[in-house]
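Note sheet for the following structure.
Chain identifiers are assigned alphabetically (A, B, ...) following the order of the sequence lines, protein sequences preceding nucleic acid strands; residue numbering begins at 1 within each chain. Here the structure is a predicted model, which means the values were calculated and not measured.
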Protein chains: 4
Amino acid sequence: MASEAKHQTSSKHCGSTEHGTKGTVVLAYSGGLDTSCILLWLKEQGYEVIAFLANIGQEEDFEEARKKAVKLGAKKIFIEDVRKEFVEEFIWPSVQANAIYEDRYLLGTSIARPCIARSMVEIAKKEGAQFVSHGATGKGNDQIRFELSCYALYPEVKIIAPWRLPEFYNRFLGRRELMEYAQKHGIPIPVTPKEPWSMDANLMHISFESGVLENPKNHAPPGLFKMTKDPEVSPDAADILEIEFKRGVPVKVTNLNDKTVHTSALDLFIYLNEIGGKHGVGRIDIVENRYIGMKSRGIYETPGGTILRHAHLDIETFTLDREVRKIKQQLSQKFSEQIYNGFWHSPECEFVRQCIATSQEFVEGKVQLYVFKGNVYIMGRESPKSLYNEELVSMNVQGDYEPCDASGFIKINSLRLKEYHRLQSKAVSKN
Amino acid sequence: MASEAKHQTSSKHCGSTEHGTKGTVVLAYSGGLDTSCILLWLKEQGYEVIAFLANIGQEEDFEEARKKAVKLGAKKIFIEDVRKEFVEEFIWPSVQANAIYEDRYLLGTSIARPCIARSMVEIAKKEGAQFVSHGATGKGNDQIRFELSCYALYPEVKIIAPWRLPEFYNRFLGRRELMEYAQKHGIPIPVTPKEPWSMDANLMHISFESGVLENPKNHAPPGLFKMTKDPEVSPDAADILEIEFKRGVPVKVTNLNDKTVHTSALDLFIYLNEIGGKHGVGRIDIVENRYIGMKSRGIYETPGGTILRHAHLDIETFTLDREVRKIKQQLSQKFSEQIYNGFWHSPECEFVRQCIATSQEFVEGKVQLYVFKGNVYIMGRESPKSLYNEELVSMNVQGDYEPCDASGFIKINSLRLKEYHRLQSKAVSKN
Amino acid sequence: MASEAKHQTSSKHCGSTEHGTKGTVVLAYSGGLDTSCILLWLKEQGYEVIAFLANIGQEEDFEEARKKAVKLGAKKIFIEDVRKEFVEEFIWPSVQANAIYEDRYLLGTSIARPCIARSMVEIAKKEGAQFVSHGATGKGNDQIRFELSCYALYPEVKIIAPWRLPEFYNRFLGRRELMEYAQKHGIPIPVTPKEPWSMDANLMHISFESGVLENPKNHAPPGLFKMTKDPEVSPDAADILEIEFKRGVPVKVTNLNDKTVHTSALDLFIYLNEIGGKHGVGRIDIVENRYIGMKSRGIYETPGGTILRHAHLDIETFTLDREVRKIKQQLSQKFSEQIYNGFWHSPECEFVRQCIATSQEFVEGKVQLYVFKGNVYIMGRESPKSLYNEELVSMNVQGDYEPCDASGFIKINSLRLKEYHRLQSKAVSKN
Amino acid sequence: MASEAKHQTSSKHCGSTEHGTKGTVVLAYSGGLDTSCILLWLKEQGYEVIAFLANIGQEEDFEEARKKAVKLGAKKIFIEDVRKEFVEEFIWPSVQANAIYEDRYLLGTSIARPCIARSMVEIAKKEGAQFVSHGATGKGNDQIRFELSCYALYPEVKIIAPWRLPEFYNRFLGRRELMEYAQKHGIPIPVTPKEPWSMDANLMHISFESGVLENPKNHAPPGLFKMTKDPEVSPDAADILEIEFKRGVPVKVTNLNDKTVHTSALDLFIYLNEIGGKHGVGRIDIVENRYIGMKSRGIYETPGGTILRHAHLDIETFTLDREVRKIKQQLSQKFSEQIYNGFWHSPECEFVRQCIATSQEFVEGKVQLYVFKGNVYIMGRESPKSLYNEELVSMNVQGDYEPCDASGFIKINSLRLKEYHRLQSKAVSKN
């Protein structure tokens, strides 16, 4: 017993667990080949496995996945619809923040992980499971996002990451070995050939990477995108939307063409995805810097999120004081980096979220925009809380403004510049 | 004489100068109604006036403007083609920086002012003029950008800003008074009615503001844009470009459709404007925060600059180390703010430019992109200086990478989070 | 009449107001020569003057000042004790923030101005005064801090700053003219010669500047300091204090030598001034950058504030998460700059104060320190909310920590560095 | 055999290497008990060991250490005097940056590691050693600083960190086992009992941690400090120094008491240590946040570095433009964090060092200060490159300054604040 315990301790060094005895694992199960095999493999190692599948907006036959998990021998199966909380607690704060990683990536995958992990940890605690497991690879960001969330919310948890365990990855060198393993255990294997890249989908976006995309010079293959129409074949007429915000969050979307209105969070976000998708909005092809320290190439489509980014940026600048905006912008950069790196459930991210939420108190009003051929064009905005003062800014109305004050403003601002010039002239004249 | 001098001193308080005696002014003259009247008015006040007109890429009949200035009684007229230096010394650093104000504005007007002012100050010094003058209004940013540049480069200069002088703006309350004044002095007045907004054009962009645009809810009127086609009527076929960068600056643009190649700075920038314009790229409608402390609404079209922003962002992320990029990004934010506020010619902006230039040493390579219906889509990139390591990132190749290392990385990163959880649990359990 | 009107117009440009007619001014009155003369002068211009004097902890014979104001002809006199609110609403937030300007100045004057101005504006509003006035000079920071506060809290107010009005400063060229003016009006003039520098005192600190101190090379004259003993003659035995914090604010100070205890905000701050003063703590001699754009030399003594800075820094680092601390530190820098520049009553400063207050929730515990010969030495600290984990950090206890994890952490962190080396080697080998 | 192989595989995951066969290790050897045992142990594992000992200013009998290494069976021994490069290439950039970690720690250990590692890597490359090894523990910062430097400069290197290897740390559970091991191999063991804390010394500072200091409440034991006199017994008379800077680096130190002068980098730094030490300057007791994610308590004495920090801050603020200073200050924070975390040899740190060096071009002049009873007091400063303009700042001289300009400056700055007040009043009145 003691030596067993000790053995566990030492092998724990690399994240694995030595088992053979009972123990319950909650597995982040997708119904696909990888996590099906992992489920089997975990059982083979002597664990009891609870399959957990989050409905976070991906296209999936959840009933089919449930049946398959039963067949695989899962002790219990939880399929949780987290779409509403995903929108309200993860997407909305990102919209408030104008969160963006390295100026381009809207963080669709990054914010999904802490949402899924939170839900999974709740189940693990409720079910008394000491372990959680997932099918993320050992080079990516998702393992980090997933595990940091788990450790933060359930510090005693032990994590089994098969793709980082030599005993697993040396056995399953590729897709072929997984297929064989599945077949041997009577698991239905995918009949359609896998596409030569990997894909991750949720309500916010779909990401594409790996395979043929790994060469950063290769163009995206035709037919890659799923959520968005190719702008070449998207409609020749725009949709005109009015999006209303309260506290920095969209509360109403009106299509001014057909007068349809959406007001609940989940509902309006799905609608924005639909409109954005129809017009091919939100496609990007980037190289990004992973937290793990390597560069990787990713292609993303984020239709609704892209529309909201344009609209929120607009209403925010309209209603927020300039200097508050500047400080909030820097906090948003921290926030974006925290999200990308997997630190959603961290003291610093909690802190920054609170600060950003504070900044949004007066971010309220309506933005009119049109969506057309892959683009979002702002047309106008109005707000009861705006700091915009038409009379003050007007060239034809003096307002509460003395033009002469500007002279003093400029002269005082030039003092430093003149002193610097004086110093430099001195430097030059001495040479 | 003494009382005259004293009088000058006291009125100087608000930026004006009392004159009646000789003195030479270099006037930033555009050939338009305002600066034509200012030229006359300055002469009326007893100054000798040198008209200065910079060709910074705006559409203008420079010969016509010259003739008009002669007729107005300018002592000398300087028409300087500053387009090449505008591209190489002002646009290029902005491209290197990915300079952007409040997440949207590409600073086309802001970078033009210090370029024009520098050229004007050189003439003022050469001609021994103690004064410079301009037609910018008292509520805008341009007066600041213009004057801070002048003070920085020529600290002893005195600036006459008629639109801030009560004796001027109380006399010329509107366009009508200017027209009458012009007519009275036999100056040709514009025959076409002025559009109900104001416009400022240069090689980088055209900006539109004031008039009907002052109501932030009003949509941009049809026919507003000049440099860019409406995406609704732009071509149905994309142009595919390859842009090559060295040290963060474009050195070659190849149109992969027709194989045309442009390599000189000015030439390739004009070409990017042409392609961007043809496809309706770079239109934005924003509310922005002026340095003077008020919000204003502006509409901009920046075709070539927008293409370059996309391309540079891409090649930069591909070649710059993640952490260098992050620090550089913060410097760029400072830079953008400095530019917007008029501090191009300042010690801090000089410092930041040097730092940013340092960061661009290895920003080198080629980006392929296509331009279509108002959008720029990155397709792929390659670089001899990339930090991208295809083998390292590949999911199928282990490379010089132990998956197990990630476990340690994650666990060490989770230490803080666990401690925080411990503290919070304690806090909760005590309550 | 016309010339009068014109005079009004032009002088309005420089911050003055309609005179000759009735109007009520609240004057920030100190009882000294300058503001006594200003009081008289304002009456001479036709204003009714309300004298306002804040007790913000400076040494002052307030009764004497009141009598003098009566004699000067003030319509009303308000002497307000704002010490408690100064400590609780201005000093405490600065302590929480570790506010410091340019790495050295603890902002003692800067935080006093918005406190005084707020109190003054309340009186102006209550008394229906349309004007406020002050004796600050035209080159300093205080005019800005004072006036921005007034404009922010009472936007319609008009401000009369005599030292910026030519009609005032050309008449009172120096101290001699003020003395003569006072004498002529039967006002008692100071009998002791003024010290050859100026001084500003409050509960937080005393500042010294101007006069002989203007030459930055000159050493501070002996006898300058008032609140603090010269360390050369300060006691040879230390005082040992224990300071207890809750939410980042001191709530109890115990002198471990004599067991005296102070708990109320004002009381304990006065006590810390006493102990700090006795041991010569908090003297600095600096050159700083004024908001107005010039460098100036200032000497400060801040005994209690300096002790609190040491103590708060210590308990904060002990209880705050590393990354929260880092973000909070950057907010503090903004905060310090806002305070120094006069923007206490601004949207951005309000925002930052809220964020910083949020960060202080768990900043709780006790710090032991000793104060000796101008220095504050931290001896130890304890906290019920600490994130310090003695078992985890101990070299002799493994704790919940696998040393091997550090290997993975380091290796993953080195990935970027290796890639960069690879690139550089390539660059070198090509040359 | 098989189990051996398996052992190798699994242990490789945690940073160890192939043993049993030949291979050369360069060991960072100190002559102390730990690294002596490691040397033996490495040989026992089948390595050839080169002992490397850097003279970085610590008190050490280098000849004795060499003899001991011979006795231990080192293949070669390198004792390198890196003091000059330590001062010029590591301390000086830190002085230029005013580098400080978490507002208090002057980074004395942090900057020593990359200096030692660089020297060691040079030897490893020259000697064809594939391995380096060190005696740093698995919970500290030094392992990271050391190893990141090695990986950055010699990416192919393999690192053996015995204190992270179970086969080592499970065998040598404490000091007793090390002593026994040493004795068994005939190695002289320390006769004086070890102090109940650990210590790390170099030219910049001595740090103390661990043992009795691990309890953050415990006061530092008497007799702890080595470089600095206790201020209670330090001299009753100050030393007055004049420090001259060029490009932000001290180039001359004059003691104004005895007129001694020091000009070479190493020489003057040693002298400042002497003076600072004599007067008890630079002692701190802090809790800091390790990169590894835990808080730890450290006590430091940094006499010369503390004097230089005061002096450099002073001359820098005197000569640097305000806005340049602010940007540079933020870069310095990055720099400090990079240093602390071990990233001296990284692209981002290289970049930041270049930027900071750029900022120091005009940081030139003389600072007078006195050192007394643990404190450094600035007395005055002068510079040929100062931006200080005595005439401009003087209250008695108008200079090139119109007081009235300040009115405009303030009013323009108040525009935003007034608008915000308007909005808030509206918000309130609606409630």
Side-chain angles (χ1 to χ4, degrees), chain A residues 14-15 98 102-104 137-139 143-144 147-148 151-152 155 163-164 169 210 214-219 231 285 287-289 292 294-296 313 317-318 322 346-347 372-375 378-382 387-390 392-395 401 403-404 406-407 410 413-414 417-418 420-421, chain B residues 14-15 98 102-104 137-139 143-144 147-148 151-152 155 163-164 169 210 214-219 231 285 287-289 292 294-296 313 317-318 322 346-347 372-375 378-382 387-390 392-395 401 403-404 406-407 410 413-414 417-418 420-421:
Chain A
C14 285
N98 311 316
E102 294 188 340
D103 294 314
R104 297 186 290 179
T137 69
K139 287 186 175 178
Q143 54 175 344
I144 309 177
E147 297 183 19
L148 287 182
Y151 286 133
W163 286 119
R164 290 201 310 258
Y169 67 70
S210 306
E214 271 165 13
N215 183 338
K217 197 182 165 183
N218 287 352
H219 297 186
D285 178 329
V287 167
E288 72 199 51
N289 288 295
I292 213 96
M294 52 182 76
K295 290 184 185 293
S296 82
L313 267 177
T317 312
F318 193 49
R322 181 185 72 200
S346 70
F372 178 67
K373 290 281 179 195
N375 235 321
I378 301 294
M379 304 167 82
R381 72 292 288 165
E382 62 187 307
L387 290 165
Y388 190 95
N389 183 335
E390 200 174 333
L392 182 62
V393 77
S394 171
M395 292 304 178
Y401 186 86
C404 151
S407 305
I410 297 169
N413 271 304
S414 76
L417 315 187
K418 290 177 180 175
Y420 184 69
H421 188 272
Chain B
C14 288
N98 311 315
E102 295 188 338
D103 295 314
R104 297 187 289 180
T137 71
K139 289 187 174 177
Q143 55 176 342
I144 309 177
E147 296 183 21
L148 287 183
Y151 286 134
W163 286 119
R164 289 201 310 258
Y169 67 71
S210 307
E214 270 165 14
N215 182 338
K217 197 182 164 181
N218 286 351
H219 297 186
D285 179 330
V287 167
E288 72 198 51
N289 288 295
I292 212 100
M294 52 181 78
K295 290 183 185 294
S296 83
L313 267 177
T317 312
F318 194 50
R322 181 185 72 201
S346 69
F372 178 67
K373 289 282 179 193
N375 235 322
I378 301 295
M379 305 168 82
R381 71 292 289 163
E382 63 187 306
L387 289 164
Y388 189 95
N389 182 335
E390 200 174 333
L392 182 61
V393 78
S394 171
M395 292 303 176
Y401 186 84
C404 153
S407 305
I410 297 170
N413 271 304
S414 76
L417 315 187
K418 290 177 180 178
Y420 184 68
H421 187 272

On a heavy-atom basis, the closest approach of Ser394(A) and Lys139(B) is O-NZ, 2.9 Å

Approximate separation, where rounding is to 0.5 Å, of Arg164(B) CZ and Ser407(A) OG:
3.5 Å

Looking only at Gly380(A), Ala152(A), Pro155(A), the option with the highest number of non-hydrogen pairs under 4.5 Å against chain B is Pro155(A)

Given heavy-atom pairs under 4.5 angstrom as the criterion, report whether the side chain, backbone, both or neither of Tyr388(A) touches chain B.
both

May I ask you to check if Lys418(A) and Tyr151(B) form a cation-pi contact, with NZ or CZ under 6.0 angstrom from the six-membered ring centre and within 45° of the axis?
yes

Minimum heavy-atom separation for Val393(A) to Glu214(B), with atom names?
O-OE2, 4.3 Å

Examine distances only and state if a side-chain atom of Lys295(A) and a backbone atom of Thr317(B) form a donor-acceptor pair shorter than 3.5 Å.
yes

Top residue by heavy-atom pair count (under 4.5 Å) with chain A, among Glu288(B), His421(B), Arg381(B), His219(B)?
Arg381(B)

Can you name the nearest heavy-atom pair linking Tyr401(A) to Gly138(B), along with the distance?
OH-O, 2.7 Å

Restricting to non-hydrogen atoms, name the atom on Trp163(A) and the atom on Pro403(B) that form the minimum distance, rounded to 0.1 Å.
O-CB, 4.0 Å

Taking every heavy atom of Leu148(B) against every heavy atom of Leu417(A), the minimum-distance pair comes out as O-CD1, 4.0 Å

Roughly how far, to the nearest 0.5 Å, is CD1 of Ile144(B) from CD1 of Ile410(A)?
5.0 Å

Minimum-distance pair of heavy atoms, taken over all atoms of Ile292(B) and Ala406(A)
CD1-CB, 4.1 Å

Using non-hydrogen atoms and a 4.5 Å limit, figure out which bit of Asn218(A) sits close to chain B: side chain, backbone, both or neither.
backbone

Quick one: pull up OG in Ser296(A) and CG in Leu392(B) and give me the separation to the nearest 0.5 Å.
10.5 Å

Sequence neighbours left out, what passes side chain to side chain contact (heavy atoms under 4.5 Å, CB included) with Asp103(B)? Give chain and number order.
Leu313(A), Arg325(A), Gln329(A)

In terms of heavy-atom pairs under 4.5 Å, which option from Ser346(B), Pro231(B), Pro347(B) contacts chain A the most?
Pro347(B)

Does Glu390(B) reach the side chain of Asn215(A), with side-chain heavy atoms less than 4.5 Å apart?
yes

Side-chain contact test, heavy atoms from C-beta onward, threshold under 4.5 Å: evaluate it for Asp285(B) versus Met379(A) and give yes or no.
no

